[in-house]
Amino acid sequence: MNNIQRRIFIKSTLKSSLVLSATGVLNACGSLNVKNANSMGRVVVIGGGYAGLAAAKYIRMWSANKIEVVVIEKSSQFVSCPLSNLVLGGSKNIQDLTFGYDFAKKNHGITWVNDEVTAVDAVNKNVIMKRGDVSYDRLIIAPGVDMIYDTLPNLETAQNEIPHAWKAGWQTVNLRKQLEAMPDGGVFVMSVPRAPYRCPPGPYERACQVASYFKAHKPKSKVIVLDANPEITSKKVLFAKVFNETYAGIVDYRANSIITELDVKTKTVKTEFEIIQANVLNIIPPQRAGKPAQLAKVDNVENRWCDVSFLTYESTTVPNVHVIGDAIDSNLPKSAHMATNQARICASAIVEIMANRSPDPSPVFANTCYSFINDKEAIHVATVYRYEANKKIMVAAEGGGVSAKPSAQEGDYAQAWAMNIWSDVLT
Amino acid sequence: MKTFFFFFLFCMLATSVKASNIVYAAEVLSSVDSLSNSPHIRTIAASCAACHGTNGNSAGITPTLAGLDDGYFITQMLAFKDGTRPATVMHRHAKGLNIDEINLLANYFARQKRVTNLPPKSEKLQAAHE
């Protein structure tokens, strides 16, 4: 940023569509002219989930507010995926997990644009939205995941009957209502996509939550888990024990089970081995980097995930475009804590680069991930990851691992985790 | 503990940091401050925020790390590391960090102001949401 007196524009086809930043004024032709001698440049963040919010806040903090940050988010509310399985179990309400963006906007001087991205022009460093466009010096894409319906095309249009509920919101409420309406003795069938997918232990936590509800209220009912993977993907020993002991006779776990056909009307699925009819059906589809990553053409790994540098999270294919969170291709678990970690390494690197310094050559971060096995008890997996310069990836450091057994104390810590990570990204 | 801490920092400064950061004893403290403000340490410290809040100010249940005595922080982390203080997850995090990082994190958190971090207020899910 050598031109400190430069003009930057938020061009808008609809004058009223853009939020004004504290430093800008909207002129008659809809351009935002900012003349800020202190500005080190502008970072645009696409996506107001865990990753995008953390990146926006920490860039403002670590640049002492000298980097302008514009966040583009199409939703007007944040609904937490972590803890959303507890809505299915009945110990949480969707309202407990739903937040506004007010504090994130006003506490850090972030310019907030409630709009949907329709194109990314990486050559001219411009993001085009439905109601305007905005230029950037660096772009961070935190798009989350999109579902892939290639193998079950009739599932996409059947989301009312068979919600994936893998993004928290009305689908979560819908699935809970279906479970409440199901008669005792019914069968809940859920499927787990082949890894990698968002939240590795999430499907197994979901099975526990539904089983916990059945055990207390509908004891003759069953949970059948059709896992496309050869074994439980995360916290394997712990979940296997909970399935076999706590939920013996309720949870029926079946590995290597890929759904090949679906009949929506009868909620019947076919795998290589069997045909199963469900009362309540929950198919979690395979996933890929969300749409903004596709628009920016940074999803270069099998047209699914984004290859990035683990020092800066800059795309290896499109310069000045960074990708963080579940959308990246990596050996790291696609968790909310991990998304915020990547966001902060990216934020820190961008602050250093824009100040003409070098980013940290050896980043380190920690992941703590809790899963509830009922309404009170939780288990963890916790690992520190360190950058390995030879392999150019983050690798697990010594000392990582999982709980010895579920406990209420870890349940309390899991609640504390949620409160603190929400506070960190949303206030 | 303080004596041990400064001795340790001095050794560390003398042995493991870049030449440009090596300073005279009188300047050790300010240099430690700048090392603990480094991108390496600030991002590790921020990684703790998921459970301990932004800049170590807990929004509930977990201990606040902001303003914590640096010597106390170091002894606790070393006790987690060698297993003498039992823990649910902290032994995993302590083992994954090296001694230099633990010392600089102690300095980082000791310098953070104590502020009240609250969890955000939840609200009703709007009909228009996905």
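Keep in mind that the numbers below use all heavy atoms, side chains included, and drop hydrogens, waters and symmetry copies. As the structure is a computational prediction, the values presented were derived from the model and not from experiment. In what follows, chains are A, B, ... by sequence order, proteins preceding strands, each numbered from 1.
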Nearest heavy-atom approach of A/Ser423 to B/Pro120 is N-CD, 3.7 Å
Counting only non-hydrogen atoms closer than 4.5 Å, does A/Ala382 touch chain B with its backbone (N, CA, C, O), its side chain (CB onward), both, or neither? both
Test log, rule salt bridge (charged side-chain N to carboxylate O under 4.0 Å, His left out), inputs A/Glu398 and B/Arg92: CA-CA 8 Å; A/Glu398 67 161 312; B/Arg92 308 203 178 284; over 6 Å; no
Rounded to the nearest 0.5 Å, what separation is found between the CG atom of A/Asp424 and the SG atom of B/Cys48? 11.0 Å
Interface moiety of A/Arg357 toward chain B, non-hydrogen atoms closer than 4.5 Å: neither
Rounded distance [0.5 Å steps], OH in A/Tyr58 versus OG1 in B/Thr43: 10.5 Å
Is it the side chain or the backbone of A/Ala414 that comes within 4.5 Å of chain B heavy atoms, both, or neither? neither
Chain A: which of B/Leu118, B/Asn55, B/Thr62, B/Asn37 shares the most heavy-atom pairs with it under 4.5 Å? B/Leu118
Answer with side chain, backbone, both or neither: which region of A/Ile345 has an atom nearer than 4.5 Å to a non-hydrogen atom of chain B? both
Separation between OG1 of B/Thr88 and CG of A/Asp412, rounded to the nearest 0.5 Å: 10.5 Å
Check the side chains of B/Ser122 and A/Asp96 for a donor-acceptor pair under 3.5 angstrom, ignoring hydrogens and angles. no
How many angstroms lie between atom OG of A/Ser75 and atom CD of B/Glu130, to the nearest 0.5 angstrom? 6.5 Å
Side-chain donor-acceptor pair under 3.5 Å between A/Thr368 and B/His93, yes or no? yes
If we count only N and O atoms by modelled type, under 3.5 Å, do the side chains of B/Ser47 and A/Asn341 hold a donor and an acceptor together? yes
What residue, out of B/Pro39, B/Cys51, B/Ala50, has the most heavy-atom pairs lying under 4.5 Å from chain A? B/Ala50
Quick one: does A/Trp422's side chain have a donor or acceptor within less than 3.5 Å of a partner on B/Lys121's backbone? no
State the OG-NE2 distance between A/Ser76 and B/His129, to the nearest 0.5 angstrom. 7.0 Å
What distance do A/Met419 atom CE and B/Asn117 atom CG have between them, rounded to the nearest 0.5 Å? 12.0 Å
Return yes if a side-chain donor-acceptor contact under 3.5 Å exists between A/Gln95 and B/Glu123, otherwise no. no
